[in-house]
Amino acid sequence: MSEKLKVGILGATGMVGQRFISLLEGHPWFQVETLAASARSAGKTYEEAAGSRWKMSTPMPESVKKMVVMNVSDVEQVAAGVDFVFSAVDMTKDEIRAIEEAYAKTETPVVSNNSAHRWTPDVPMVIPEINPQHFDVIEDQKKRLGTKRGFIAVKPNCSIQSYAPVLSAWQEFEPYEAVATTYQAISGAGKTFQDWPEMEHNIIPYIGGEEEKSEKEPLKLWGKIVDGVIESAKEPVITSQCIRVPVLDGHTAAVFVKFRKKPSKEQLIQAMKDFRGVPQELNLPSAPKQFIQYLEEDNRPQVSLDVDFENGMGVSVGRLREDTVYDYKFIGLSHNTVRGAAGGAVLCAETLKAKGYITKK
């Protein structure tokens with residue numbers, strides 16, 4: 001690509017904003033041009049605004065240190081210098097919905113990590129290997145917004161990434177009921193152990209809003225576009241519990257599944273290994289070569305060994321076995337701030353560019 005697309009990051013000083021910056025360093029298609037955050041960070045260099053709060057394991061890229069942070073509420077000014085934006089703002093849901101629509105109405109596409117628009121009926125919520133066809137609803141959204149190139153697209157919650165791809169790989173066997181218990185890392189709350197020392201040696205059996213997201217969002221992924229909106233699928237019905245555990249990065253899920261068709265263990269493993277999508281077919285820059293890996297060892301997947309599989313963009317599965325109540329059970333693992341947050345949004349943006357939805361202004 002001769003000239004990179006100019007990118008803005010909304011909410012650039014938070015943990016997901018920092019992950020966007022890290023992942024976009026040296027990206028072949030996208031160049032970080034503008035950083036925006038709250039009024040208290042605006043006017044400072046990024047190093048001044050975020051330096052003491054930098055939470056990534058890799059150093060802050062030199063390319064952003066001297067960038068002056070803009071006020072995310074100055075929508076016209078921020079949008080003027082970029083081709084599209086990633087959104088990771090920390091506001092109320094109503095405020096997020098309003099500001100993301102405001103950016104879209106400046107003819108600036110918004111690829112959001114936030115949950116605020118996940119249930120807006122004409123906003124596609126996409127894992128590119130599973131439901132890239134949902135991007136087709138953007139044309140209907142543009143009519144509602146009155147835009148020519150501005151729109152909003154979102155990625156789903158981090159908690160579903162360790163099992164929704166697996167159930168998607170098994171659709172031919174008609175899974176109709178599942179139980180998913182997720183064991184979620186503290187970075188999902190934007191924290192490190194330095195920020196949250198009381199999480200050391202601790203488990204909290206509640207994460208606000210996560211169980212509803214874990215049960216309902218996969219059904220939107222598997223839904224269909226009907227009359228310009230996305231209608232969720234009815235099955236598989238999912239019930240979940242979500243638990244915060246003393247792990248920095250990596251969401252693990254323990255899942256039980258019932259199928260209408262009765263597959264063998266070997267068929268299920270092969271279906272995971274063979275599962276590919278548009279990102280792999282197009283060889284997109286952030287796409288994992290192997291989306292789902294199956295590990296034969298009884299003690300895998302483990303966060304310490306497997307969370308960075310495919311640079312954090314792959315899903316690791318193990319302990320697939322028959323169950324006495326359900327048909328099968330398994331353990332899944334995904335990186336919650338890479339595949340589950342910023343990396344998943346970057347892959348969405350790459351898919352949108354490849355499909356012609358994101359272009360130079």
Side-chain angles (χ1 to χ4, degrees), residues 9-20 36-38 72 84-104 109-128 130-131 134-135 137-138 141 145 151-165 180 182 184-191 204 206-223 229-233 238 240-244 249 251 253 334-349 352:
I9 299 174
L10 313 181
T13 57
M15 181 174 273
V16 176
Q18 293 176 23
R19 182 67 76 181
F20 273 123
S38 65
V72 73
F84 74 101
V85 295
F86 289 112
S87 175
V89 291
D90 183 13
M91 299 176 171
T92 68
K93 283 200 163 91
D94 286 343
E95 289 170 335
I96 292 169
R97 278 190 284 268
I99 201 164
E100 289 183 348
E101 283 208 1
Y103 274 93
V110 178
V111 181
S112 180
N113 182 72
N114 296 305
S115 63
H117 271 295
R118 288 183 193 152
W119 292 102
T120 304
D122 59 9
V123 170
M125 180 180 73
V126 172
I127 294 176
I130 295 175
N131 62 323
H134 283 189
F135 286 138
V137 82
I138 286 170
Q141 184 194 143
L145 295 175
F151 62 86
I152 302 161
V154 301
K155 51 145 290 297
N157 197 48
C158 53
S159 66
I160 76 171
Q161 311 282 333
S162 51
Y163 60 91
T182 58
Q184 299 187 204
I186 65 172
S187 58
K191 305 287 189 182
I204 298 176
Y206 173 72
I207 308 171
E210 287 293 294
E211 286 163 4
E212 182 183 14
K213 295 172 188 175
S214 298
E215 293 170 359
K216 302 300 184 189
E217 288 189 15
L219 296 171
K220 185 172 180 181
L221 293 179
W222 300 319
V229 299
I230 298 165
E231 289 189 359
S232 294
I238 301 170
S240 75
Q241 295 194 95
C242 299
I243 301 167
R244 188 73 72 193
D249 294 314
H251 287 356
S334 60
H335 197 304
N336 55 294
T337 68
V338 182
R339 169 58 79 161
V346 171
L347 189 60
C348 281
L352 286 161

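Just so it is clear, the values below take in all heavy atoms, side chains as well, and ignore hydrogens, waters and symmetry mates.
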Which is it for I127 and R339 under the side-chain contact (heavy atoms from CB on, under 4.5 Å) test, yes or no, and what are the steps along the way? CA-CA 9 Å; I127 294 176; R339 169 58 79 161; 3.8 Å; yes
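- Between the side chains of R19 and T337, at least one donor N or O sits under 3.5 Å from an acceptor N or O.
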Before giving the answer on side-chain contact (heavy atoms from CB on, under 4.5 Å), spell out for L352 and F84 the whole-Å C-alpha distance, their side-chain angles and the decisive distance to 0.1 Å. CA-CA 11 Å; L352 286 161; F84 74 101; over 6 Å; no
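- Here the straight-line distance linking atom NZ of K155 with atom CD of E217 works out to 8.0 Å at 0.5 Å rounding.
- A pairwise comparison of heavy atoms in H251 and A185 identifies ND1-N, 2.9 Å as the closest pair.
- Using a 4.5 Å heavy-atom threshold, the side chains of Y163 and T182 count as touching.
- Counting all heavy atoms, side chain and backbone alike, Y103 lies closest to V72 at OH-O, 2.8 Å.
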Could you walk me through whether E101 and I152 satisfy the side-chain contact (heavy atoms from CB on, under 4.5 Å) test, starting with their C-alpha distance in whole Å, then the side-chain angles of each, then the deciding distance to 0.1 Å, before giving a yes or no? CA-CA 7 Å; E101 283 208 1; I152 302 161; 3.8 Å; yes
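- A side-chain donor-acceptor contact under 3.5 Å links N131 to the backbone of M125.
- From R118, atom CZ reaches atom CG of L221 across 10.0 Å, with rounding to the nearest 0.5 Å.
- The OG atom of S87 sits 8.0 Å away from the CD1 atom of I99 when rounded to the nearest 0.5 Å.
- In summary, the side chains of N157 and E210 do present a donor paired with an acceptor at a separation below 3.5 Å, with no hydrogens or angles considered.
- Looking at every heavy atom in both residues, I186 comes nearest to R244 through CA-CD, 4.0 Å.
- Nearest heavy atoms, V89 versus N114: O-OD1, 3.2 Å.
- Between atom OG of residue S38 and atom CG of residue L10 there is a gap of 12.5 Å, rounded to the nearest 0.5 Å.
- Counting heavy atoms from C-beta outward, S187 and N336 have side chains that approach closer than 4.5 Å.
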For a side-chain contact (heavy atoms from CB on, under 4.5 Å) check, start with the C-alpha distance between S115 and K213, then their side-chain angles and the critical distance, and finish with the verdict. CA-CA 9 Å; S115 63; K213 295 172 188 175; 4.2 Å; yes
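- Atom NZ of K220 sits about 4.5 Å away from atom CD1 of I230, to the nearest 0.5 Å.
- The minimum heavy-atom distance between S232 and W119, with the atom names listed, is OG-CZ3, 3.7 Å.
- What you find for I160 and S214 is that their closest heavy atoms are CG2-CA, 3.8 Å.
- When the shell of 6.0 Å around CD of Q241 is examined, it contains 12 or fewer heavy atoms from other residues, nucleotides or ligands.
- In this structure, I9 CD1 and F20 CZ are separated by 7.0 Å, a value rounded to the nearest 0.5 Å.
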